[in-house]
Amino acid sequence: MSDLLHHLNAPQLQAVTLPPVHALILAGAGSGKTRVLTTRIAWLLATNQVGPAALLAVTFTNKAAREMTARLTAQVPINVRGMWIGTFHGLCNRMLRAHYREAGLPQTFQILDSGDQLAMVKRLQKNLGMDDEKYPPRELCHFINAHKEQGVRAAQAEVYDHYTQQRVDFYAEYEAQCNREGVCDFAELLLRSYELLQRNEPLRTHYQQRFKHILVDEFQDTNRLQYAWLQLLAGGGAKIFAVGDDDQSIYRFRGAEVGNMRDFEAQWCGDNIIRLEQNYRSHGNILAAANAIIQHNSDRLGKNLWTETGAGEPIRVFEGYSDLDEARFIVEEIRSLVRDGVPASQCAVLYRSNAQSRVIEHELFTQAVPYKVYGGLRFFERQEIKHALAYLRLLGNPDDDTAFLRVVNFPTRGIGARSLENLQAAAHQMNCSLYNAAASLSGKAAQTVGAFVGLIERLRNETAALPLPEIIEHVSEVSGLLEHYRREKEGQERLDNLNELVSAAATFIDAEGVIGEHGALADFLAHASLEAGEHQAGEGQEAVQLMSVHAAKGLEFDVVFLSGLEQGLFPHENAVNEGTAGLEEERRLMYVAVTRARQRLYLSSAQSRMLHGQTRYCVPSPFFSEIPGELLLRLNHTRTPYPASNRQADTAGGWDGSASTVAGWRIGQSVEHAKFGAGVIVACEGRGADARVQVNFGGGAGMKWLALEYAKLTPL
DNA sequence: TGGGAGTGCTTTTTT
DNA sequence: AGCACTCCCA
């Protein structure tokens, strides 16, 4: 037990050993947040205050949940299998599986991932004859999800004009269709679990009495519904131990409400606020920069990171002539760092948007530096995997129209669009699933679709007694999936992945044991939806790590390159257009990025950048000026420009009629305007009296078109 | 049915 | 520029 608490600092110790009270732990970057959370759990168990069943610990990602479980197992000799440790979605899924009847769900209900949801929306839209240009499917998905995340059902949704009326009506249709098919989207898992607890008094009392301690990770990322769910569960006296950092709230765009922290502070936790401000990760200069940046935000709960480590190196700043030049600089630095013994995997290149990775990847590739890119397609999102899973879903739940349509004609079985239209019409009329409507078809479609239904029936019978991995093998073979990919020219990788799916199922069985009386299939499918699997990147390998700033949250590296620090890119212009709230979130993102670095931080920008197929001329990010100058070491202009011949140089008179010079002004030139201040010319147009230039004045005035005849510009 | 051409979009992302 | 998606034709 003393071992448990031995290495904690004073505030950490205080947090870990709090009596049973609601508490908010404000944990700065690198302050030992996860450690405090798991040690708190371990301490509660080790001191016999509660048993494992009385604890609920919730995270946002499966990775975080796994890490917590692993650390806990190392700290206390306890079987964590029965404990409620998991993601919000995972725990809600667990609750709904356990009480599917009370929740009004079929026992084998399937989970729609975002892609499935989008497909469902498109299909429904078509069936309802809804204009998909006026009502873009993605926007409808967002509309539905946003409502669910606010706890609002279609019946309660506010309608203020025809446009919302249409969307609310659609939301109602969507709900009805999900219920017919017996499927839940992600937000539905949460909302339905919440409603179940709210409406079902015995169940609510059961869980309220069972859980004595509720521990929440990354509390700043909770949305309204998640917060309400926690409050409901804690309604019977359980104590909420919430760990979070309002300065690292970077998911506002997907519904996270930092306001939950304030509310929790005001309504729940009273004076039980503990700040973890000692940082064990970064050198002093890096922390000083981070603190200086975040101080420009308003309405913070307030926190100041400090470290016992020395100031360390200055922050290196580089301004490239172009994105290519910037990339070349980064890769040269990395090569020299690696020569000096820094592991490549301890070098990370971060960027605001994924599109920026291309140039850097290209340069790394050219210089033969191994690298890994995070982000992109994940295992369970691959086409061949989704196909195989669709067959499996149909075995468990034939009413799953999304799965039905995905594979009814894959591999091709001569079932064309006409047949499917007829089938959908029939299903609509009979108010039943496509699968069940198949029998009512006539003509050729009756044969082809009938054969497909026969195939599914046959597969279901043949696999009834098989273990899960063998079910998957059998279904992949008999459905023709394997044969299809064997014939395909580039099919080997897909075959490998299907093999991998079989292994994944075997691993799953071993790890989880067979849960649920209906066998492992439904559990495995839920697992596949809830945990889409690893991104391509493999951790720990000797490769430079490339990722977006968002993806870097929670990670740390010896050396961090933060690239593309330009007005409009970081902070992103879309965010800036959202006003102060948008800009402040960008600033938090900047804060997250900076605090990823342990020893050395590079901040780089480019004067011109290829974006959406066009060269853009850029002004350095306003975030530069928020860092005290004495922390910075400017490396600019110590090198010669990257040879222009390596990319076509700007020549006067663009092919599309635009110009790169006009009346003596040229793109890229720095200018000063009496009213707007300093800026850079980013575009030229017209001639004579019509001559205009577009100038980027950065944070102050933004982009402006100026008529040269009137505007008073002076070269800088 | 499948591929080739044409069109439009483009911040961040977990479950 | 690059990618996803749609549409149309052989």
Side-chain angles (χ1 to χ4, degrees), chain A residues 58-65 86-93 111-119 122 126 132-133 136-139 142 145 148-149 184-191 193 217-218 221-223 225-226 249-256 323 350-359 362 374-378 380-381 383 409-418 484 488 526-533 535 547-554 564 568-578 582 585-586 588-590 592-593 609-616 647-648:
Chain A
V58 63
T59 62
F60 276 85
T61 64
N62 293 296
K63 197 175 155 205
T87 63
F88 278 101
H89 294 86
L91 296 179
C92 288
N93 174 56
I111 298 165
L112 300 184
D113 66 20
S114 335
D116 297 330
Q117 183 186 36
L118 187 64
K122 284 181 179 168
K126 204 167 259 178
D132 62 356
E133 289 193 359
R138 282 177 194 284
E139 204 272 334
H142 180 258
N145 294 337
K148 289 189 180 184
E149 281 162 12
C184 286
D185 60 45
F186 287 134
E188 183 70 25
L189 291 173
L190 278 153
L191 182 53
S193 164
D217 189 21
E218 306 277 15
D221 286 337
T222 51
N223 63 35
L225 180 58
Q226 287 158 341
S249 161
I250 54 172
Y251 289 110
R252 194 178 69 103
F253 70 92
R254 67 173 195 218
D323 46 355
L350 309 185
Y351 32 77
R352 173 67 240 266
S353 64
N354 288 308
Q356 286 166 252
S357 75
R358 187 176 304 285
V359 207
H362 180 261
Y374 286 71
L377 211 52
R378 303 194 306 173
F380 287 107
E381 286 166 354
Q383 185 210 98
N409 196 35
F410 190 96
T412 49
R413 310 184 164 89
I415 299 172
R418 315 164 295 295
H484 178 269
E488 206 175 75
H527 166 81
S529 301
L530 289 173
E531 176 157 15
H535 283 289
M547 68 193 81
S548 71
V549 179
H550 282 90
K553 190 176 158 208
L569 194 62
F570 197 2
H572 199 276
E573 54 195 332
N574 295 0
V576 174
N577 291 338
E578 287 166 24
E585 176 132 321
E586 294 292 301
R588 291 192 293 268
L589 201 51
M590 179 73 189
V592 167
R609 180 176 298 278
M610 201 61 144
L611 207 63
H612 308 328
Q614 281 185 319
T615 305
R616 293 228 320 207
R647 187 194 273 172
Q648 71 256 44

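We name chains A, B, ... by the order of the sequence lines, and we start the count at 1 in each one.
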Quiz item: Toward the 5' end of DNA chain B, which comes first, A:His550 or A:Gly90, by nearest nucleotide?
Solution: A:His550
Exercise. Could you check A:Glu578 against A:His484 and say which one's nearest nucleotide on DNA chain B is further toward the 5' end?
Key: A:His484
Quick check for you: among [options], whose closest atom lies nearest to any side-chain atom of [X]?
| X | options | result |
| --- | --- | --- |
| A:Thr412 | B:dT14, B:dT12, B:dG2 | B:dG2 |
| A:Ala551 | B:dT11, B:dT15, B:dT13 | B:dT13 |
| A:His612 | B:dT15, C:dC3, B:dT10 | B:dT10 |
| A:Thr61 | B:dT14, B:dT12, C:dA1 | B:dT14 |

Rounded to the nearest angstrom, tell me the gap between atom [atom1] in [X] and atom [atom2] in [N].
| X | N | atom1 | atom2 | answer |
| --- | --- | --- | --- | --- |
| A:Leu190 | B:dT14 | CG | P | 16 Å |
| A:Asp113 | B:dT15 | CG | P | 12 Å |
| A:Gln117 | B:dT14 | CD | P | 16 Å |
| A:Asp221 | B:dT12 | CG | C1' | 12 Å |
| A:Tyr351 | B:dT13 | OH | C1' | 14 Å |
| A:Phe88 | B:dT13 | CZ | C1' | 16 Å |
| A:Lys122 | C:dT6 | NZ | C1' | 10 Å |
| A:Gln614 | B:dT10 | CD | P | 15 Å |

Quiz item: Closest heavy-atom contact between A:Phe88 and A:Leu190?
Solution: CB-CD2, 4.0 Å
Practice problem: Taking all non-hydrogen atoms of both residues into account, name the closest pair between A:Glu585 and A:Tyr251 and its distance. | Solution: OE2-N, 3.5 Å
Practice problem: Would you check if A:Phe186 stacks with the base of B:dT14, given a 5.5 Å centroid limit and a 30° plane limit, both strict? | Solution: no
Self-check item: Face-to-face contact A:His572 to B:dT11 six-ring, under 5.5 Å, under 30°
Solution: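 According to the criterion (under 5.5 Å, under 30°), yes, A:His572 stacks.
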Quiz item: Can you tell me how far C1' in C:dC5 sits from the matching atom in B:dT12, rounded to whole Å?
Solution: 23 Å
Quiz prompt | P-based separation of C:dA4 from B:dT13 [nearest Å] | solution = 16 Å
Exercise. Report the relative orientation of the aromatic rings in A:His89 and A:Phe186; use parallel for angles under 30°, tilted for 30 to 60°, perpendicular for over 60°.
Key: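 Perpendicular.
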What contact category does [X] fall into here, base, sugar-phosphate, or nothing, at under 4.0 angstrom with non-hydrogen atoms?
| X | value |
| --- | --- |
| A:Asp185 | nothing |
| A:Tyr251 | sugar-phosphate |
| A:Arg413 | sugar-phosphate |
| A:Asn577 | nothing |
| A:Gly416 | nothing |
| A:Asn93 | nothing |
| A:Gln356 | nothing |
| A:Phe253 | base |

Are any of [X]'s side-chain N or O atoms less than 4.0 Å away from OP1 or OP2 of [N]?
| X | N | answer |
| --- | --- | --- |
| A:Asn354 | B:dT12 | yes |
| A:Asn223 | B:dT14 | no |
| A:Arg252 | B:dT12 | no |

Quiz item: Would A:Lys553 and A:Asp221 pass as an ion pair if we require N to O under 4.0 Å?
Solution: yes
Quiz item: Is it true that A:Glu586 and A:Arg352 make a salt bridge, defined as a side-chain N closer than 4.0 Å to a carboxylate O?
Solution: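 A salt bridge links A:Glu586 with A:Arg352.
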Quiz item: Between the base of B:dT15 and the side chain of A:Ser114, is there any donor-acceptor pair under 3.5 Å?
Solution: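 Checked by distance alone, the answer is yes.
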Quiz item: Any donor and acceptor pair, going by atom type alone, linking the side chain of A:Asn62 with main-chain N or O of A:Leu530 inside 3.5 Å?
Solution: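 A pair under 3.5 Å: yes.
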Practice problem: For the residue pair A:Ser114 and A:Gln117, confirm or rule out a side-chain donor-acceptor distance under 3.5 Å. | Solution: no
